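To keep things clear, I will list the structure first and then write my remarks on it.
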Amino acid sequence: MDNLKIQGTILTPDSGEAYTAALKRNSDLSSLPAKYVVQPAVYEDIPPVLAYATSQTPPIEIAVKGGGAHSSTWASSDGGIVIDLSKLNKVTLAEDKQSITVQGGAYWGDVYEVTSKAKVDVVGSPLWFVGVGGFTLGGGFGPLTAEHGTAVDNLISATVVLADGRIVRASHNEEPDLFWAIRGGGGQFGVVVEFVFKTHPPAGPISSGILAFPGTEIDKILAIIPEWKKTQTPRERFTMNFSRPAPHFKPSIAILPTVLHDADGSRAQAVFAPFRDGEVKPVLDKVGTVPDMLAASHAADASLATAPRRLAIRGTMFSDFFPELLKTVWDRWVAFTETSEEVRGSAVLWDLTVPDKMAEVPSDATALKRMPYYWMAVQGRSTTDASVQACKDFTESVVELVRKKNAELSGRDIGWFLNMCQGHEKPEDVFGDNYTRLRKVKAKYDPKKVWSKGIVIEPLVN
Ligand SMILES: Cc1cc2nc3c(=O)[nH]c(=O)nc-3n(C[C@H](O)[C@H](O)[C@H](O)COP(=O)(O)OP(=O)(O)OC[C@H]3O[C@@H](n4cnc5c(N)ncnc54)[C@H](O)[C@@H]3O)c2cc1C
């Protein structure tokens with residue numbers, strides 16, 4: 001490995017701070033001590049690393065890191081090689097502004113820096129520090145999804161370094177099976193070093209902020225939501241958080257709105273009126289208007305800066321905001337966060353984005369499973385190592401409950417959400433009916449399972 005001639009950097013535990021910094025992830029629980037961290041400077045740096053790792057006996061484990069936001073350890077390796085794409089983060093807008101080329105190690109914040117200046121928009125993450133790579137390969141649900149679909153619905157082409165070292169372009173016309181698989185199949189088919197996305201007219205000004213309610217109002221809030229949804233348009237969405245904010249750490253409900261194309265903030269006022277002037281009144285009402293996604297993606301910076309970094313996330317899909325389902329989760333969350341101060345930073349998030357646009361794409365058109373659904377996430381946050389396992393158990397038990405109860409209430413089992421899995425989930429439950437085709441594509445592009453982290457797809461030879 002030391003003799004590999006590459007233009008990028010190879011870090012080892014002897015590299016000091018640079019190595020330590022390269023192991024850092026959004027969650028401290030996601031970091032593992034790699035033997036080598038390779039930071040490619042050009043796409044051609046990657047094939048020699050793959051050749052080296054696969055020629056060893058036994059082959060050395062390879063992990064790929066995009067933005068490092070996933071709360072699993074998929075983008076890290078204990079004793080193996082991490083291909084860390086952080087130096088491949090260039091973003092280039094096409095001259096006609098109709099498309100944008102993004103390298104595989106960019107954060108969504110890097111993209112929004114460019115789209116903000118150019119006054120265009122793209123379907124990306126609500127938060128700047130989420131990586132374009134993992135987000136997109138898992139489908140990618142963002143604030144613009146109700147208007148323009150998921151990130152993969154806006155993908156025009158991708159450049160992929162395959163397990164055998166070839167560097168190929170995938171699109172509807174080139175390597176179409178690969179293009180189908182990377183749109184929702186995760187990092188199981190190669191290192192995506194470049195994405196080309198469709199752009200859209202600007203989504204700003206964007207109103208966002210917080211409406212917060214004491215936990216005693218939970219039943220009233222849950223009763224308002226089904227009515228509110230009836231008049232919701234693709235331009236407005238919210239995330240609802242169950243959390244215990246300082247200084248009193250009492251159970252609270254936070255509604256975090258995003259209202260697109262809201263020139264003077266008046267639509268946000270009108271649309272969220274049922275949460276202000278009806279049965280409930282917020283104890284905190286702070287909704288303002290920012291110019292674009294760049295500013296909106298930094299809205300949570302202050303609160304996240306003080307959140308415990310031992311973070312375990314699990315999430316799943318659900319069919320509707322059934323009050324019975326959400327109340328059961330509320331009760332569980334209240335009870336869990338009362339057990340100890342160490343875990344009271346744990347939160348539950350529910351995303352209310354109109355799902356019609358995402359679901360209008362046929363389920364077999366890309367690897368991403370489709371039907372009208374919403375997604376939720378459980379964030380287990382602990383201040384000590386001793387309480388990490390309790391947080392992991394809590395996140396797992398809640399998503400299992402949501403999946404089961406949602407199936408009972410809706411008559412449909414939706415399975416798991418790849419971007420919020422931990423790795424032990426059954427691939428059939430993640431990919432649904434698309435799993436068989438994914439297995440065949442895996443056999444074509446990665447028969448020896450060089451990409452063996454994540455929800456691993458078992459190759460199926462025809
Ligand atoms: C705070 C927070 C908020 C989130 N909000 C949303 C949301 O609103 N909508 C949503 O859909 N998801 C959301 N997610 C989930 C997020 O999309 C996933 O965690 C995603 O995997 C992160 O991408 P990353 O590149 O930062 O991850 P990493 O940890 O770097 O990688 C995750 C996986 O993708 C693979 N991968 C990453 N880049 C590449 C690449 N270029 N080529 C090949 N494989 C690659 C890695 O090998 C790994 O398996 C959120 C996550 C967090 C932590």
Side-chain angles (χ1 to χ4, degrees), residues 30 59 61-64 66 70-77 133-141 150-152 158 160 162-163 170 175-192 312-319 358-359 361-371 373 375-378 392 395-404 406-407 412-462:
S30 304
E61 180 182 79
I62 300 168
V64 178
H70 202 289
S71 95
S72 65
T73 53
W74 300 352
S76 301
S77 177
F135 177 91
T136 303
L137 297 173
F141 296 79
T150 61
V152 290
V160 188
L162 299 175
E175 312 285 347
D177 284 339
L178 179 64
F179 190 55
W180 175 85
I182 59 171
R183 285 178 293 158
Q188 283 286 302
F189 300 93
V191 186
V192 182
I313 303 183
R314 289 286 308 271
T316 189
M317 287 100 162
F318 62 105
S319 311
M358 171 276 291
V361 177
S363 209
D364 60 357
T366 67
L368 180 69
K369 184 172 53 186
R370 314 271 181 157
M371 64 192 83
Y373 54 66
W375 64 269
M376 58 86 65
V378 190
K392 286 186 174 171
T395 57
E396 181 161 352
S397 72
V398 174
V399 291
E400 273 169 4
L401 181 145
V402 172
R403 180 178 168 191
K404 190 161 162 267
N406 181 68
R412 195 164 204 179
D413 180 6
I414 310 184
W416 301 125
F417 176 15
L418 176 63
N419 273 353
M420 301 206 176
C421 284
Q422 281 294 322
H424 60 272
E425 296 83 353
K426 284 208 287 196
E428 293 86 340
D429 290 348
V430 178
F431 302 115
D433 291 344
N434 287 330
Y435 185 49
T436 305
R437 181 167 174 198
L438 279 167
R439 293 186 60 194
K440 291 179 184 166
V441 183
K442 180 83 172 173
K444 185 169 168 188
Y445 290 98
D446 184 24
K448 294 187 182 147
K449 295 202 280 184
V450 170
W451 320 113
S452 58
K453 303 216 50 154
I455 300 293
V456 180
I457 294 170
E458 202 48 48
L460 176 67
V461 180
N462 271 329

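In this chain, residues are counted from 1 in sequence order. Computed from a predicted model, the values in this text were never measured in an experiment.
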### Query
Looking at Val399 and Met376, what are the two nearest heavy atoms and their distance?
CG1-SD, 4.3 Å
Which atom pairs, one a donor and one an acceptor, fall under 3.5 Å between side chains of residues 415-422 and the rest of the protein, sequence neighbours left out?
from: Asn419; atom 1: ND2; to: Phe135; atom 2: O; distance (Å): 3.3
from: Gln422; atom 1: NE2; to: Ser71; atom 2: OG; distance (Å): 3.1
from: Gln422; atom 1: NE2; to: Ile313; atom 2: O; distance (Å): 3.0

### Message
Looking at Glu400 and Arg314, is any side-chain nitrogen of the basic one under 4.0 Å from a carboxylate oxygen of the acidic one?
### Response
no
### Task
Give the minimum heavy-atom separation between Ser319 and Asn406, together with the two atoms involved.
N-OD1, 2.8 Å
#### Entry: Check ion pair Asp429-Arg403 (N to O, under 4.0 angstrom)
yes
### Query
Is a side-chain N or O of Lys453 found less than 3.5 angstrom from the main chain of Gly187, in a donor-acceptor match?
no
### Message
With rounding to the nearest 0.5 angstrom, report the CD to CD1 distance, Glu425 to Ile455.
### Response
4.5 Å
### Task
Identify the heavy atoms of Met358 and Met371 that sit nearest to each other, and give their distance.
CE-O, 3.3 Å
### Task
Compare every heavy atom of Ser76 with every heavy atom of Ala63, then report the nearest pair and how far apart it is.
CB-O, 3.4 Å
### Task
Give a yes or no on whether the backbone of Ala312 and the side-chain of Lys392 come within a donor-acceptor separation of less than 3.5 Å.
no
### Query
Which distance, rounded to the nearest 0.5 Å, do you find between the CG of Leu368 and the CZ of Phe141?
5.0 Å
### Query
Say you draw a straight line from NE2 of His70 to OG of Ser30; how long is it, rounded to the nearest 0.5 Å?
8.5 Å
### Task
Start with the C-alpha gap between Gln188 and Lys449, add the side-chain angles, then the distance that decides, and say whether side chain to side chain contact (heavy atoms under 4.5 Å, CB included) holds.
CA-CA 8 Å; Gln188 283 286 302; Lys449 295 202 280 184; over 6 Å; no
### Interatomic spacing from CZ in Phe318 to CH2 in Trp375 - rounded to 0.5 Å
9.5 Å
## Note on the structure
Here the pair of heavy atoms bringing Pro447 nearest to Pro459 is O-CG, 3.6 Å
### Message
Under 4.0 Å between a side-chain nitrogen and a carboxylate oxygen: does that hold for Lys444 and Glu175?
### Response
no
### Query
Looking at CG of Leu438 and NZ of Lys442, how far apart are the two atoms once the value is rounded to the nearest 0.5 Å?
10.0 Å
### Asn434 side chain to Thr366 backbone, donor-acceptor under 3.5 Å
yes
### Query
Can Val152 and Val361 be said to form a side chain to side chain contact (heavy atoms under 4.5 Å, CB included), step by step?
CA-CA 11 Å; Val152 290; Val361 177; over 6 Å; no
### Close side-chain approach of Trp451 and Ile457, heavy atoms under 4.5 Å
no
### Query
Should Leu178 and Leu162 count as side-chain neighbours, where that means a heavy-atom distance under 4.5 Å?
yes
#### Entry: Over all atoms of both residues, closest heavy-atom pair of Val456 and Tyr435
O-OH, 4.2 Å
### Task
Compare all side-chain heavy atoms of Phe189 with those of Val441 and state whether any distance is below 4.5 angstrom.
yes
